[in-house]
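In listed order, ligands and their atoms are each counted from 1.
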Amino acid sequence: MSDKTEQLRQIRDEIIALTESPLYDYRTENGYFPVIGQGDHDAAIMFIGEAPGKNEAQTGRPFCGASGRVLDEMLAAVGLQREAVYITNIVKDRPPDNRDPQKAEIALYAPFLDRQINIIQPRVIATLGRFSMDFVLERFNAPQAGQKISALHGQAIAATADYGDVWIVPLFHPAVTLYNASQKQTLLDDFAALKRFAE
Ligand code: URA
């Protein structure tokens, strides 16, 4: 087994046993799974969403419900294979009723995401939605941290990771297109920009 796979399995095992999480009881009472991440462990592009929804918690796979269908459509539109990227979330367990992740939850799960980034070492980190954008821009000390997603979406922000240079590309969350169809073209344009930076 590759070293990366072993390290990612270690993360999975730690999250499965994360009884101190405020979402742990909700997970076990509902027979849910934590959602660790999925995709190529050597991916050039890493997508970071918010937190699993119901479909994701039932299957343990990220972005496999309605938002996932939008993500798949966007990937296909710009000629990216889902298997060739890595997809994860900041918060690894489903928050009740799809509420926003809380600060304490983000803080608890963030070290796992940091480790995933350093294991996979993507050249491009594409954040999906404002929670992951805020987290990643702050984590990499980007001067744009704190700015609104409406100002930053589709831009490539240069940053330095522990392992080298990385582009951070903030994207709207795919779910926005589910309640605002006009956002679809914006998301498509941003995915096209993302692809150019990953080439
Ligand atoms: N929304 C997210 O942010 N992540 C998922 O995995 C699914 C929906």
Side-chain angles (χ1 to χ4, degrees), residues 8 11-12 15-16 18 21-24 26-27 30-41 43 45-76 80-110 112-117 120 122 124-139 148-150 152-154 168-181 183-184 186-188 190-191 194:
L8 290 165
I11 289 174
R12 177 199 63 190
I15 294 173
I16 288 172
L18 198 66
S21 170
L23 301 173
Y24 181 86
Y26 185 61
R27 180 213 294 171
N30 287 282
Y32 288 156
F33 297 101
V35 178
I36 313 301
Q38 188 182 42
D40 187 344
H41 297 171
I45 307 178
M46 182 168 182
F47 287 92
I48 304 176
E50 227 165 84
K54 189 172 184 183
N55 287 289
E56 288 77 18
Q58 284 174 334
T59 59
R61 289 172 35 235
F63 284 95
C64 65
S67 296
R69 280 191 289 282
V70 178
L71 178 61
D72 288 347
E73 191 185 331
M74 297 292 145
L75 290 171
L80 283 170
Q81 303 270 74
R82 184 171 169 132
E83 303 73 39
V85 302
Y86 191 83
I87 305 172
T88 187
N89 291 297
I90 318 184
V91 169
K92 312 299 191 192
D93 281 295
R94 181 187 182 212
D97 304 320
N98 295 338
R99 65 156 170 73
D100 288 344
Q102 294 173 349
K103 273 208 170 87
E105 291 161 358
I106 291 176
L108 180 72
Y109 289 95
F112 297 107
L113 178 62
D114 290 336
R115 284 161 62 189
Q116 287 175 304
I117 292 172
I120 293 164
V124 180
I125 296 177
T127 57
L128 297 167
R130 68 190 166 92
F131 287 96
S132 57
M133 180 190 80
D134 287 346
F135 172 79
V136 170
L137 290 178
E138 248 176 61
R139 182 57 105 232
K148 284 196 157 43
I149 192 166
S150 52
L152 297 180
H153 72 93
I168 300 166
V169 181
L171 301 170
F172 285 113
H173 195 284
V176 297
T177 69
L178 301 174
Y179 42 84
N180 184 349
Q183 288 282 65
K184 201 157 184 176
T186 308
L187 198 58
L188 266 175
D190 290 351
F191 266 75
L194 164 73

N/O separation below 3.5 Å, G49 to ligand 1
no
Does V35 have a heavy atom less than 4.0 Å from any atom of ligand 1?
no
For P170, run the side-chain contact (heavy atoms from CB on, under 4.5 Å) check against L152, V136, D190 and tell me which one passes.
L152
Do the side chains of K92 and E105 get close enough for a salt bridge, i.e. N-O under 4.0 angstrom?
no
Sub-6.0 Å ring centroid separation between Y109 and F135
no
Proximity winner for atom 5 (C) of ligand 1, if only heavy atoms of A51, S132, P101 are counted:
A51
Tell me, which protein residue and heavy-atom name are nearest atom 4 (N) of ligand 1, and how many Å apart are they?
N89 OD1, 2.7 Å
Between S21 and L108, the two heavy atoms sitting closest are CA-CD2, 3.4 Å
With atoms numbered from 1 as shown, which atoms in ligand 1 lie under 4.0 angstrom from a non-hydrogen atom of P62?
6 (O)
Taking every heavy atom of I149 against every heavy atom of R130, the minimum-distance pair comes out as CD1-N, 3.9 Å
Y26 vs Y32 aromatic rings, parallel, tilted or perpendicular, using cut-offs 30° and 60°?
perpendicular
Mode of E56 contact toward ligand 1 - side chain, backbone, both, neither (heavy atoms, under 4.0 Å)
side chain
Any atom of ligand 1 sitting under 4.0 Å from a heavy atom of H173?
yes
